[in-house]
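Inspection log for the structure reproduced underneath, given as structure tokens.
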Amino acid sequence: MTKDQIADVLREIGVYLELTEDSPYRALAYKRAARTLLHWPHWKLPEDLGDIPGIGEKIAAAIREIQEKGESELLERLKKKVPPQILPLLRLPDIGTKVLRILIKEGYADIAQVVEGARNRQIRKLPGLGAKTEKALLKGIEILEKGLEVMPIALAWPLANELITILQEWPEVNKIALAGELRRGVEQVRSIDIILNLTTDSERLVQRLPSLNLFKEIKGQDKGKVVFVTHFGIDVNLFTVPEEEWGYWLVYFTGSEAHFQRLEKLLPPEKKEFKQEREVYQSAGLPFIDPEVRETGEEVSRVKEEGIRLASDQDMRGDLHCHSTWSDGGSDIAELVSMAQQMGYEYLAITDHSQSLKIAGGLSQERLMAQRAEIEKIRGRLNNFTLLHGVEVDILKDGRLDYPDEILAGMDLVIASVHSHFRLDRHTMTERVSLALKNPHVDILAHPTGRLIGMRQPYELDVEAIIDLAAVTGTYLELNSSPDRLDLSPPYLEMAKARGVRICINTDAHNKDRLRDINLGVKTARRGWLSPEDIVNTRTSTDLLKLLEKRQ
DNA sequence: GCCGTTTTCGGCCCGACTGTTTTCAGTCG
């Protein structure tokens, strides 16, 4: 169990405590401990967990238990007190633990009952709830039911990677690779698809699967295919294929279906003996088509006409959005810089929050200047690495920015973003963001739509108008690589590219390890057909500085 | 459940918005 997974169990305990206990503070303690762990800047936790602030005797014991057994007895006990089918309602906007508590208390045990209660106007009669909550439930459930069968990439991606890391060590496994929607970078996936070449028959593999931490049960078994369910509620499909047909089946199981069908027509009939994926495309008379753009089938003719050169991880030379301990980050500036250097970057911008975002420890103007001093000190020790002093300034409700222009003018880099008043109507929101774009000090608009995949809809915003405006003002739009954001999404990336708007792929990392999340951002960029030249932070440090200077 | 020296009890990240409420509580960053 990684510390992030432990944090997730603690958070879950917190949620269940909120649902079952009268006093909110025990729950708060667990949630706070979860956050602390998540932000803990080292992979290894200290020997004495009690040294970590917010973790005392009980929670330390809980962490040990989770580390050793992979589960928590307290959590299992709490789970028994809550009807499991009603829990997904927590993901709905405006529905939190308090509303859910009332519903549970009143005997609602699953979503169907809640829908019925809402339709019959019974829910508004419950103490503490009203017509608006009833409406929010109905509307939310409608969206939820569409999304219930899928898992956001933010969860599925690490899960799949962990699984592959474990499986490839097994003696039964000769070759292993990720396939399916996840390999293509689809935002919400229906399953984790993995293809394998085995040294034994698949029976041996099946016998061993229950030893996996995340294994729940075998769901189905067919020749060449094993499906099992994980504790995280997602299916894992394991496809076993012969080594000499590896390339063929990797293309087949990566999909999409439409892509494969289109491709198949160009292949010699019946031939499956392709050891490498590249050979499949070669045989079809095509350049290699990257998995991320294998979608509609149209890409087959598109690469024939236009060729293909998508950005890759190796093209990235820096990150222009991350948070340090000065605001709500978990690593200090020196740690962030050191990680960026390890990743082979040439530059990094520290961009902590601005003053009005109190909960995130937004910096007052005085603190911002104090941070400048620290940055300059660290700069003095750096060779061949550019450390920029930036800021993520809040776009206030009326479109003004959270610092005066004089302050912004003095920054190396200014990122503007929305963190409050999410529910303005489309016109007002578009005006608000436009105003920020028109400020000449703003270099980048961060997470432009504010969506959280599978959790929060984007706010009402005319993104097309924003892209058009960005083309005029020369503002860069961010592709935020935080796995639950991936914002802008591929269709907008393509639109931006077509209109000459440059994209900046940033992690928005809140601790040094998260700087590595750039990979999902790059994957998303590839889905939007972005080439290195469409992306700002593929530039060398010299070119980047020139670009930023020109914008001043 | 955790924390602390102005507290070993009585607080618990801040502030705005909104819904259900008529003076406050839940949700969301």
Subject >> Watson-Crick/G-U partner (both atom distances under 3.5 Å) of dC3(B) >> reply: dG10(B)
Original post:
So which of Leu413(A), Val536(A), Thr386(A) actually passes side-chain contact (heavy atoms from CB on, under 4.5 Å) with Leu544(A)?
Top reply: Val536(A)
**OP:** Remember a base hit wins even if backbone is also touched, and classify Arg101(A) as base, sugar-phosphate or nothing at under 4.0 Å, heavy atoms.
**Re:** nothing
Original post:
Rounding to the closest angstrom, what is the interatomic distance between dT22(B) and dC17(B) at atom P?
Top reply: 22 Å
Subject >> Inter-nucleotide P distance (dT23(B), dC28(B)), Å rounded >> reply: 25 Å
Original post:
Which value, in whole Å, describes the distance between the P atoms of nucleotides dC12(B) and dG26(B)?
Top reply: 16 Å
**OP:** Could you measure between the two P atoms, the one in dT21(B) and the one in dA25(B), and give it in whole Å?
**Re:** 12 Å
Subject >> Between P of dC28(B) and NZ of Lys132(A), the distance in whole Å >> reply: 16 Å
Original post:
Lys358(A) has an atom NZ; how far is it from atom C1' of dC28(B), in whole Å?
Top reply: 18 Å
Subject >> Euclidean distance for P, dC14(B) against dT8(B) (whole angstrom) >> reply: 22 Å
**OP:** Using side-chain contact (heavy atoms from CB on, under 4.5 Å) as the criterion, point out the one residue from Leu469(A), Leu424(A), Asp462(A), Val463(A) that pairs with Thr430(A).
**Re:** Asp462(A)
Subject >> Closest nucleotide among dA16(B), dT27(B), dC12(B) to the Leu28(A) side chain >> reply: dC12(B)
Original post:
What is the glycosidic conformation of dT6(B): syn, defined as within 90° of 0, or anti?
Top reply: anti
**OP:** Verify the distance criterion only: is there a donor paired with an acceptor across the side chains of His419(A) and Asp394(A) at less than 3.5 Å?
**Re:** yes
**OP:** Using the six-membered ring for Trp and the full ring for Phe, Tyr or His, decide whether Phe422(A) stacks on the six-membered base ring of dC28(B) (centres under 5.5 Å, planes under 30°).
**Re:** no
Original post:
Without hydrogens or angle criteria, can the side chains of Thr507(A) and Asp319(A) be said to hold a donor-acceptor pair below 3.5 Å?
Top reply: yes
**OP:** Please figure out whether Ile55(A) or Leu129(A) has its closest DNA chain B nucleotide nearer the 5' end.
**Re:** Ile55(A)
